[in-house]
Amino acid sequence: MNTGIVMLDIKYVTQNLQEVQKALSTRGKTADLEDLNSFNEQRKKILLELENLRHRRNVVSQEIAAMKKEGEDAEGLVAEMRKVSSSVKNLANSLSETEEKINIIVMSLPNLPNASVPLGEEPSDNPLRYTKGRLPDFDFEPLPHWTLGEQLGILDFNRAAKITGARFPLYFGLGARLERALINFMLDMHTEHHGYKEVLPPFIVNRGSMTNTGQLPKFEEDLFKLQGWDYYLIPTAEVPVTNIHQGEILEEENLPVFYAAYTPCFRSEAGSYGKDTKGLIRQHQFNKVELVKFTTPETSYDELENLLNNAETILKRLEIPYQVIELCTGDLGFSAAKTYDIEVWMPAQNVYREISSCSNFEAFQARRGNIRFRRKGKKGTELVHTLNGSGLAVGRTVAAVIENFQKADGSVAIPEALQPYMGGMKRIELCM
RNA sequence: GGAGAGAUGGCCGAGCUGGCUGAAGGCGCUCGCCUGCUAAGCGAGUGUGGGGGUUAUACCUCACCGAGGGUUCGAAUCCCUCUCUCUCCGCCA
C-alpha cells in the first residue's frame, strides 16, 4: 500500500527546507526539519539497497524455477537466496523504522499558511475584514441569553448538569423548537439555494478519519474517546464528511463537490475551565450545520469566498449583525492554510462571538486522507483541495437570536425568515 | 451472540494442487481505421504509489490481488490475526 509518507509533501519539505521553516515560524512553530531531511536521505538510501536486493531475488528465483523444471540441482542458488532474503527482511525492517520516524515528525507539522494570510501572533492581530448589519438599539438593558432562556423556560442548565454535568444544554418547548427550526432553515438554505448535497454522517469515527483531517495525533485531549474502542465522538462534521472520499480518485468533471451536514459536535474543551461558563457559548455538546467542499487547486480560493458567503447568508436572512475577520498566521488552526471567522453580535456581553470558521485546507487533508482527482485527458492524479466552514453553529445562533431579538418584557421576537419554521409564530413568550 | 460464504484492476469475472499472472476473458473507456448518420466491425491503448534516470521524454526498477504478520529461494495462490461484506438462526430500535 502506501509507504506511510504523507502529510506535508515530504519532497516539497525536503527540497524547500528554508521556506518551510520560515512559513512554519510565522505560525509560531519550530520544527526539526534537519532531522526530517536526514531521515529522508537515510530512507532513500535504504530503499535503493533494498530494491536492488529484491530485484536480484526476483531474477534468481526465476532461474531456480527454470533449473528445477530441467531437473537440475539449484541448491547453490537457493542457499545464496536464503542469505539475500534475510538481508531483505532486515533492510525492510530498518526502512519501516525510518519511515516511522519521518511520519512522527511529519504528522505533527501543521499546514503552511497561504501567502495571503496576514502575519501575526495572536487573536488580537486578526484583521477585521468587514462588519455587516445594524446593531440593535435597546431602550433597556439587554439580558444575556441564559437569563432570558431560563426566565422563558426554554433553557435549563441546572437540570442539564444534573443529567450529565457542566457544559451540557437542555432545551424545553420553544427553545427546543427554535434549535430544530434553525437546523432546518440552515440545511434548506444550503441545499436549495447554495448547491450543497445534504449528508447525514456517523457521529462516531475511527482514528484514521481523525488523523486525516488533522485532529490526531496532536489534539487527542480535545476529543471524547469511546472506552474500549478506537472510536471518537466527532468534534465537528468536518471529520466524517471530509472522510467520505478518503482513498478515492475523483473525476475532474465531478468537481467541485459540496456537502452540507447537520451533526451534533462533542468537544472536551480541555483547558478552557472558567471560560464562558454560562450559557450556550461553550458546551461539550452542541449542534452544527457544516459545509464541506472538495475542489480543484485552482478554484479553492474562489470557493472559500463562496463558502464564507453561504455562511454569511444565514445571518443576513436572520437579520443578525456580524463581522468577518481573517485569522493571522499565529492564530491559524493546525490543518488550515487560510481561515475566515464570522463573529456574531452578542448585545448582552457587548462583544462579537465566533459563530463560524471557514477554512481552506488546500491539499493538507487530501494528502493525509489520500483524496485525489484525475484531470480529463491527462495521466496521473493530483490531490484535491478541501474546505469547510460552519454554516452555522446552531447553539450560538440560538443565543444570538435570543439576545438580539429580545424585548423589554422579556419575550423574544422570531426573525421573519425563521417564522415558517416555527409554525408561523412571531414571538417566544413565557413557556411553562 | 451462534453457523457458514466471501473480499482480485473503472465494472463483471478467471486464477487459489506456490514459479514467465500486474494479473486470462468479457464489459466499459480512449485513440485510429471503416461507414451517408447511428449501430456493428477492425487495430492499438487503458491502474496506483515509491526509487533511479533524463533539460524533458524514453527507459530501468520496487511495491501493491481487503489490512497486518508468518512459511518459502519464490505467495493473489499455503498458515495465523484483524477488518469489512453477504446468507441463515437468535436478539433488538
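Sequence lines set the chain letters: A, B, ... in the order given, protein chains first and strands last, and positions in each chain run from 1. These figures come from a predicted structure and were not determined experimentally.
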>> Looking only at the side chain of Arg54(A) (C-beta and beyond, no hydrogens), which of the listed nucleotides A63(B), G51(B), G74(B) gets closest?
In response: A63(B)
>> With a 4.0 Å limit, can you tell me whether Arg374(A) has a side-chain N or O closer than that to the phosphate oxygens OP1/OP2 of U48(B)?
In response: yes
> Hey, does Phe157(A) have a side-chain heavy atom less than 4.5 Å from the side chain of Leu280(A)?
Replying inline: yes
> Taking all non-hydrogen atoms of both residues, which atom of Val401(A) and which atom of Ala413(A) are closest, and how far apart?
Replying inline: CG1-O, 4.4 Å
> Can you find a donor-acceptor pair, distance only, under 3.5 Å between Glu51(A) side chain and G52(B) base?
Replying inline: no
> From C20(B), C73(B), G49(B), pick the nucleotide closest to the side chain of Thr381(A)?
Replying inline: G49(B)
> What distance, rounded to whole Å, do you find between the two P atoms, one in G4(B) and one in U81(B)?
Replying inline: 14 Å
>> Please determine whether a side-chain nitrogen or oxygen atom of Asn58(A) lies at a distance below 4.0 Å from atom OP1 or OP2 of A63(B).
In response: yes
>> Both atom distances under 3.5 Å, Watson-Crick or G-U wobble: I'd like the secondary structure of RNA chain B as a dot-bracket string, with | for pairs made across strands.
In response: ((((((((.[[[..)...(.....]]]((((((.......))))))((((((......)))))).[[[[[..)....]]]]])))))))....
> Distance check: side-chain N/O of Lys45(A) vs OP1/OP2 of G51(B), anything under 4.0 Å?
Replying inline: no
Check: protein-nucleotides 79-86 of chain B nitrogen or oxygen pairs below 3.5 Å:
none

> Closest to the Lys68(A) side chain: G50(B), G19(B), U48(B)?
Replying inline: G19(B)
